[in-house]
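Inspection log for the structure reproduced underneath, given as structure tokens.
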Amino acid sequence: MTLLTAHRILIGTAVAFFVFYGAWEIRTGRAGVSGGLLRGAVALLAALALLIYFRTLVRSSDGPGGDDR
């Protein structure tokens, strides 16, 4: 396993965690309506940012000269 593959796995896991946590916070709203919604929204924004990073990482490594083997 290369370092790039391990990085992809960790980023994918982080995206899944942030989506799960964001949805859970929005659904349960532990610290009142605004607190839960705010934490959920921040978690979903973090998931979106990591997903954008993941997609650019995959594109840059799959392009010409990006073979990680």
To check you understand the geometry: which heavy-atom pair defines the closest contact between Ile26 and Ala41, and what is its length?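 Result for this residue pair: CD1-N, 4.3 Å.
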Exercise: identify the closest heavy-atom pair between Ala47 and Val19: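 So the minimum-distance heavy-atom pair works out to CB-CG2, 3.7 Å.
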So, taking the atom named CG in Leu45 and the one named CG in Leu50, what distance separates them when rounded to the nearest 0.5 Å?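 Going from the CG atom of Leu45 to the CG atom of Leu50 covers 11.0 Å.
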Who are the side-chain contact (heavy atoms from CB on, under 4.5 Å) partners of Ala46, not counting sequence neighbours?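 Applying side-chain contact (heavy atoms from CB on, under 4.5 Å) to Ala46 gives Phe18.
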Report the residues that fulfil side-chain contact (heavy atoms from CB on, under 4.5 Å) with Phe54, sequence neighbours left out, ordered by chain and then residue number.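 With neighbours one apart ignored, the set is Arg8, Ile11, Val58.
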Can you list every pair that meets side-chain hydrogen bond (donor to acceptor under 3.5 Å, both in side chains) and has a residue in residues 40-49, with sequence neighbours left out?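 For residues 40-49, and leaving out neighbouring residues, there are no side-chain hydrogen bond (donor to acceptor under 3.5 Å, both in side chains) pairs at all.
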Going by the angle between their ring planes, with limits at 30° and 60°, are Phe17 and Tyr21 parallel, tilted or perpendicular?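 Rings of Phe17 and Tyr21: parallel, as their planes differ by under 30°.
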Tell me who clusters with Leu48, hydrophobic residues only, linked when side chains sit under 4.5 Å apart either directly or through other members.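 Traced through the cluster, Leu48 reaches Ile52.
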Met1: which other cluster members, linking ILVMFWY side chains closer than 4.5 Å, directly or transitively?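 Met1 shares its hydrophobic cluster with Ile9.
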Ring pair (Phe, Tyr, Trp, His ring centres under 6.0 Å) involving Tyr53 - partner list, sequence neighbours excluded: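 Ring pair (Phe, Tyr, Trp, His ring centres under 6.0 Å) check on Tyr53 returns His7.
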